2 protein chains.
Amino acid sequence: MNITDLYKGSLEAIVLQLIRQQGEMYGYELTQKAREISGGHLKITEGTLYPLLHKLEAEGTLSSELKPYGNRMRKYYRLTKAGVQEQEKASVSLQEYIGHLQQFLNPKLA
Amino acid sequence: MNITDLYKGSLEAIVLQLIRQQGEMYGYELTQKAREISGGHLKITEGTLYPLLHKLEAEGTLSSELKPYGNRMRKYYRLTKAGVQEQEKASVSLQEYIGHLQQFLNPKLA
DNA sequence: GAACAATGCATCGAATTTCAATGTATTTTG
DNA sequence: CAAAATACATTGAAATTCGATGCATTGTTC
């Protein structure tokens with residue numbers, strides 16, 4: 001069991017959370033920000049991130065816009081209106097989840 | 001995104017944690033305890049739990065003992081010596097993970 | 001006492017998720 | 001100028017997870 005494995009179920013919630021905070025983000029930026037905040041533990045691979053972003057866009061949670069940055073392109077993602085709702089639900093779920101994890105670790109505080 | 005999904009990556013750590021606290025536990029008991037502590041959110045299905053327990057036993061993290069309870073059998077699992085080490089690592093990882101999740105939710109406290 | 005829910009083990013196939021590898025191209029750094 | 005970083009993406013394999021199913025016992029309810 002690797003600490004990296006723990007993040008598996010929470011990746012989507014984290015991505016929505018980061019985009020919400022920053023307003024808009026591009027893929028590579030998400031991988032860097034996630035790594036930074038997690039103290040290096042959450043290394044989102046491309047094979048995980050891009051399919052996830054595409055799925056979220058297909059579902060109508062995210063919208064994207066290509067913007068040139070010098071000679072290369074960045075694909076910026078932001079939350080749609082529906083996405084904001086989704087993110088808010090995800091945020092509540094995350095907080096509950098954290099609370100439950102703490103219960104598991106420290107069942108005395110029942 | 002369902003709150004249940006969040007638990008995916010942390011299932012193994014939670015199972016080890018519960019067995020550590022209780023000394024020994026059988027499969028069905030684990031599903032009930034997990035559900036209870038998570039306020040009903042973590043419903044570990046049999047198709048998930050039993051393969052996981054078997055894997056952990058095959059790896060030498062858990063050992064099992066069949067004990068009769070009335071006319072039916074319960075298969076009790078406990079941590080091996082190696083399993084205790086594993087569990088301690090998992091516990092530390094879980095705490096770090098929780099800390100990181102809180103960072104994602106509340107990045108001000110950097 | 002018959003039916004149904006709960007307890008207790010388990011497997012199986014499908015679906016989903018995730019990783020590692022690979023590909024292309026530009027920009028920055030040593 | 002070569003290597004590392006930036007930036008997009010796909011693909012196939014591996015791992016995980018779910019839902020359905022199966023079997024047997026025990027407890028509850030009508």
Side-chain angles (χ1 to χ4, degrees), chain A residues 1-16 18-19 22 24-36 38 40-59 62 64-77 97, chain B residues 1-16 18-19 22 24-36 38 40-59 61-62 64-77 90 97:
Chain A
M1 225 272 307
N2 195 306
I3 180 170
T4 304
D5 296 334
L6 291 170
Y7 288 92
K8 283 182 182 181
S10 47
L11 188 60
E12 183 177 322
I14 288 173
V15 165
L16 295 181
L18 287 174
I19 295 177
Q22 308 287 318
E24 60 175 13
M25 293 185 80
Y26 55 97
Y28 186 75
E29 189 183 14
L30 278 163
T31 67
Q32 297 312 105
K33 195 76 182 174
R35 185 186 287 236
E36 175 196 332
S38 70
H41 289 299
L42 177 53
K43 295 170 193 157
I44 312 180
T45 62
E46 297 92 331
T48 300
L49 180 64
Y50 289 114
L52 173 60
L53 290 173
H54 299 161
K55 189 199 76 171
L56 290 172
E57 187 171 15
E59 284 174 4
L62 296 178
S64 68
E65 190 187 354
L66 278 169
K67 294 185 189 178
Y69 176 75
N71 256 13
R72 72 174 65 156
M73 282 302 193
R74 286 175 173 172
K75 195 169 179 178
Y76 283 88
Y77 288 91
Y97 171 55
Chain B
M1 224 269 307
N2 195 306
I3 179 168
T4 304
D5 296 334
L6 291 170
Y7 288 93
K8 285 183 181 180
S10 46
L11 188 60
E12 182 177 322
I14 287 173
V15 165
L16 296 180
L18 287 174
I19 295 177
Q22 308 288 318
E24 60 177 10
M25 294 184 80
Y26 55 98
Y28 186 76
E29 190 183 13
L30 279 163
T31 66
Q32 298 311 106
K33 195 77 181 171
R35 186 186 286 236
E36 175 196 333
S38 69
H41 288 299
L42 178 50
K43 296 169 190 158
I44 312 180
T45 63
E46 297 93 332
T48 300
L49 179 64
Y50 290 113
L52 173 61
L53 290 173
H54 299 159
K55 189 200 76 172
L56 289 171
E57 188 172 16
E59 286 173 4
T61 302
L62 297 178
S64 68
E65 190 187 353
L66 277 168
K67 294 186 187 176
Y69 176 75
N71 257 11
R72 69 175 67 158
M73 283 301 195
R74 286 176 175 171
K75 194 168 180 179
Y76 283 88
Y77 288 91
Y97 171 55

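Letters A, B, ... mirror the listed sequences (proteins, then strands); counts begin at 1. All values reported here derive from a predicted model rather than from experimental measurement.
- Here B:Thr45 reaches the OP1 or OP2 of D:dC18: one of its side-chain N or O atoms lies under 4.0 Å away.
- Rounded to an integer number of Å, the gap from B:Glu46 CD to D:dT16 C1' is 16 Å.
- Between C:dT27 and A:Arg72, no contact under 4.0 Å exists linking OP1 or OP2 to a side-chain N or O.
- The phosphate of D:dA15 has neither OP1 nor OP2 within less than 4.0 Å of any side-chain N or O from A:Lys8.
- Summarising the geometry, the separation between OH on A:Tyr69 and P on C:dT27 is reported as 10 Å, rounded to the nearest angstrom.
- One interatomic measurement links the two molecules: NZ of A:Lys67 to P of D:dC8, which rounds to 13 Å at whole-angstrom precision.
- Taking 4.5 Å as the limit, every side-chain heavy atom of A:Leu30 sits out of range of all side-chain heavy atoms of A:Lys33.
- Note: CE (B:Met25) to P (C:dG8) measures 11 Å, nearest angstrom.
- Going from atom CD of A:Glu12 over to atom P of D:dT17 covers 16 Å, rounded to whole Å.
- Counting any heavy atom pair closer than 4.0 Å across all strands shown, B:Gly27 reaches sugar-phosphate atoms only and no base atom.
- At the phosphate of C:dA10, neither OP1 nor OP2 sits under 4.0 Å from any side-chain N or O atom of B:Tyr50.
- With rounding to whole Å, A:Tyr76 atom OH is found 13 Å from D:dC8 atom C1'.
- C:dT16 atom C1' lies 10 Å from atom CG of B:Asp5, rounded to whole Å.
- Nearest nucleotide to the side chain of B:Asn71, out of D:dT25, D:dC8, C:dC19: D:dT25.
- For the pair B:Leu6/B:Met1, a side-chain contact is recorded, criterion being any heavy-atom separation below 4.5 Å from C-beta on.
- Between A:Glu12 and A:Lys55 there is a side-chain heavy-atom pair separated by less than 4.5 Å.
- One finds the CG atom of B:Leu52 at 8.0 Å from the CD1 atom of B:Ile44 (value rounded to the nearest 0.5 Å).
- Counting only distance, with no hydrogens or angles, the side chain of A:Ser38 and the backbone of A:His41 share a donor-acceptor pair below 3.5 Å.
- Nucleotide C:dC9 holds its C1' atom 11 Å from the CG atom of B:Leu49, rounded to whole Å.
- At D:dA7, one or more side-chain N or O atoms of A:Tyr26 fall inside 4.0 Å of OP1 or OP2 (strictly under the cut-off).
- Applying the 4.0 Å criterion to OP1 and OP2 of C:dC9, one finds that B:His54 has every side-chain N and O outside that range.
- Remark on DNA chain D: of its neighbouring residues A:Tyr77 and B:Leu52, the 5'-side contact belongs to A:Tyr77, judged by nearest-heavy-atom nucleotide.
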